[in-house]
Amino acid sequence: QKYAHRYVVKTEHFQKTLPKRSPYSHKGSFGRGLVVGGSQEMPGSLVMAVKAALKSGAGLVTAGTIKSVIETIASECIEATYLPLSEMNGYLDNDSQILLDKYDAIAIGIGMGRMDETGILVRKIAKEANCPVVIDADGLYHIKDCLTMLEKRTPPTIVTPHPGEMAMLLNIPVPELLKAPFTYTLDFAKKYRVYVVLKGTYTIITAPNGKQAVSLAGNPGLAKGGSGDVLTGIILAMTMQDQSIFQGICNACFIHGTAADMLVEEMHSYYDLMASDVIEGISKVYRTFS
Ligand code: APR
Ligand code: MG
């Protein structure tokens with residue numbers, strides 16, 4: 001009874017709640033997403049999130065990143081559109097112009113680094129975007145000192161930290177967080193009115209209303225740079241397709257972990273699984289469970 005608000009993400013939930021694609025649908029039916037991030041140092045991470053979002057069913061996805069890397073990454077994902085943003089020393093600059101109202105959901109933070117000017121841009125988007133915003137990776141670093149700003153947002157905010165990032169947001173040591181991850185994330189989600197996706201061997205999903213779920217899917221093949229970026233892309237896509245944000249996030253974690261599990265069972269191993277394989281593996285999950 002004490003844990004009535006908690007449940008485990010199951011295959012049946014996914015099969016039951018995955019939104020159907022109507023024969024009368026068009027790309028506008030599945031959302032227009034924006035991913036803002038990347039830098040000279042980490043252009044690939046952005047591509048993975050964008051590809052994962054498209055592969056999971058998003059209608060349109062735009063990659064917003066520094067001008068100088070667009071030419072390189074555009075050939076990596078020809079289905080996306082690109083929004084060149086201003087740059088300073090290889091990182092996103094705060095005078096970047098983005099028409100935030102054009103998008104149904106926005107993911108920020110991936111591969112963007114920790115430069116001050118980039119942080120100003122992150123906080124501006126979080127403050128002004130009138131749609132669901134997913135904040136990941138370095139984006140979390142940029143908001144850590146102004147979390148109360150999140151309480152003021154009306155549309156949903158989703159933060160997707162790994163334990164190191166969650167501990168940073170809470171300003172506590174990682175071992176402390178890991179003693180009571182359900183409680184820490186629950187308190188945080190309620191306090192700042194955000195959805196929290198605490199990633200790890202098991203991933204804990206918490207809604208601002210206190211509902212919690214744990215996804216058991218996934219394996220050590222995911223312990224490799226880029227896996228988190230793929231998850232963020234899937235979450236962005238599901239946020240735009242699902243009626244319920246919480247359900248959408250649970251389904252995104254199911255897709256991500258189950259893709260990795262199916263790939264390891266059929267053709268890969270914990271050693272060689274790459275984040276881009278996981279993106280391909282999304283097809284297996286949909287073909288098997290949708
Ligand atoms: N079992 C199951 N799932 C796992 C395992 C495991 N052993 N190891 C990792 N995962 C999953 C996590 O649940 C999560 O979904 O892989 C993903 C890893 O995400 P991140 O920790 O964000 O890792 P990464 O993709 O490398 O992030 C890239 O973002 O957070 C920053 O500092 C990080 O620069 C790095 C960048
Ligand atoms: Mg990450």
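When a ligand or atom number is given, it counts from 1 through the structure's own listing order.
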Inset, instruction - Kindly state whether the ring of Tyr7 and the ring of His13 have centres lying under 6.0 angstrom apart. - result: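 Centroid separation for Tyr7 and His13: below 6.0 Å.
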Legend entry - Residue part near ligand 1, for Leu222, under 4.0 Å between non-hydrogen atoms: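 The answer is both.
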Legend entry - Location of contacts on Met42 toward ligand 1, heavy atoms closer than 4.0 Å: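 For Met42, there is no contact with ligand 1 at all, from either part.
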Nearest 0.5 Å, please: how far is [atom2] in [Y] from [atom1] in [X]?
X      : Y      : atom1 : atom2 : result
Met48  : Glu76  : CE    : CD    : 10.0 Å
His142 : Met112 : NE2   : CE    : 6.0 Å
Asp138 : Tyr91  : CG    : OH    : 9.0 Å
Leu18  : Phe254 : CG    : CZ    : 9.5 Å
Leu231 : Ser215 : CG    : OG    : 9.0 Å

Legend entry - Salt-bridge contact Lys67-Asp93 (side-chain N to carboxylate O under 4.0 Å): no
Inset, instruction - Answer yes or no: is there an ion pair linking Lys144 with Glu165, defined by an N-O contact shorter than 4.0 Å? - result: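 Looking at Glu165 together with Lys144, the answer is no, because their closest N to O distance does not fall below 4.0 Å.
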To which protein heavy atom is [atom] closest, and what is the distance rounded to 0.1 Å?
atom                    : value
atom 17 (C) of ligand 1 : Ser227 CB, 3.6 Å
atom 32 (O) of ligand 1 : His162 NE2, 3.8 Å
atom 22 (O) of ligand 1 : Lys199 NZ, 2.7 Å
atom 7 (N) of ligand 1  : Pro220 CA, 3.5 Å
atom 27 (O) of ligand 1 : Asp229 OD1, 4.2 Å
atom 30 (O) of ligand 1 : Glu165 OE2, 2.5 Å
atom 19 (O) of ligand 1 : Gly228 CA, 3.1 Å
atom 26 (O) of ligand 1 : Gly225 CA, 3.2 Å

Relative to the heavy atoms of [X], which atoms of ligand 1 are at a distance of less than 4.0 Å?
X      : value
Ala137 : 29 (O), 31 (C)
Leu231 : 15 (O)
Thr201 : 1 (N), 2 (C), 7 (N)

Legend entry - Contacts of Leu147 that satisfy side-chain contact (heavy atoms from CB on, under 4.5 Å) - sequence neighbours left out: Ile143, Leu150, Leu169, Phe188, Tyr192
Taking the minimum heavy-atom distance to [atom], which of [options] ranks first?
atom                    : options                        : value
atom 13 (O) of ligand 1 : Gly200, Gly164, Pro161         : Gly200
atom 15 (O) of ligand 1 : His256, Met112, Lys224, Glu41  : His256
atom 1 (N) of ligand 1  : Val197, Asn219, Leu140, Val278 : Asn219

Inset, instruction - Kindly confirm or rule out an N or O of Gly226 lying under 3.5 angstrom from an N or O of ligand 1. - result: yes
Legend entry - Donor-acceptor side-chain pairing of Thr157 and Arg153 below 3.5 angstrom: yes
Legend entry - Partners meeting side chain to side chain donor-acceptor pair (under 3.5 Å) with Asp272 (sequence neighbours left out):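 With neighbours one apart ignored, the set is His268, Ser269.
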